[in-house]
Amino acid sequence: MADQKNQPPKQGQINIELDETVAQGIYSNLAIINHSVSEFVVDFVTIMPGIPKSKVKSRIILTPQHAKRFLKALGDNVKRFENAHGEIKDYEQPPIPLNFGPTGEA
């Protein structure tokens with residue numbers, strides 16, 4: 001059987017490579033979303049109990065059109081997950097104080 005890695009993609013297909021470091025992923029339990037007229041910025045953060053400072057682990061920048069397509073694709077996947085595994089419970093959590101640096105004083 002021929003090795004499919006070395007074959008060029010067929011017309012209309014995209015060849016996507018996933019290296020080992022990226023494949024391991026980054027855990028995030030907070031996403032901070034900002035937008036301008038031309039882009040959406042999603043910062044993924046890991047917040048741990050008892051640790052007062054957290055860093056952005058990953059930042060994804062999307063065009064508005066891509067953000068809307070991403071929202072639809074994520075919604076479709078959540079719906080399929082819930083159909084297979086039951087409703088995802090959305091537990092109330094206390095608000096997380098966000099501190100992005102020193103506060104100003106007058």
Tell me, do R59 and V41 make a side-chain contact under 4.5 Å, heavy atoms counted? yes
Under the side chain to side chain contact (heavy atoms under 4.5 Å, CB included) rule, collect the residues that match up with D19, sequence neighbours excluded. T21, V22
When you compare the side chain of I32 with that of V42, does any pair of heavy atoms fall below 4.5 Å? no
For D43 and V56, indicate whether the former's side chain and the latter's backbone hold a donor-acceptor pair under 3.5 Å. no
Closest non-hydrogen atoms of S54 and V45, given as atom of the first, atom of the second and distance, are CB-CG1, 3.7 Å
Under 3.5 Å, which donor-acceptor pairs link side chains of residues 60-78 to any protein atom two or more places apart or in another chain?
| unit_1 | atom_1 | unit_2 | atom_2 | d |
| --- | --- | --- | --- | --- |
| T63 | OG1 | H66 | N | 3.0 |
| K72 | NZ | D76 | OD2 | 3.3 |
| N77 | OD1 | R80 | NH2 | 2.9 |
| N77 | ND2 | A73 | O | 2.8 |

Value for CG (L18) from CD (Q24), rounded to nearest 0.5 Å, stands at 10.0 Å
Please round to the nearest 0.5 Å and tell me the distance separating atom CD of E39 and atom CG of N34. 10.0 Å
I33 side chain near F40 side chain, heavy-atom distance below 4.5 Å: yes
For Y91, check side chain to side chain contact (heavy atoms under 4.5 Å, CB included) against everything at least two apart and list the hits. K89
G50 and P52: which non-hydrogen atoms are nearest, and at how many Å? O-CD, 3.6 Å
Could you tell me which non-hydrogen atom of E82 sits nearest to which non-hydrogen atom of I88, and how far apart they are? OE2-N, 2.9 Å
Rounded to the nearest 0.5 Å, how far does CG of L30 lie from OG1 of T46? 9.0 Å
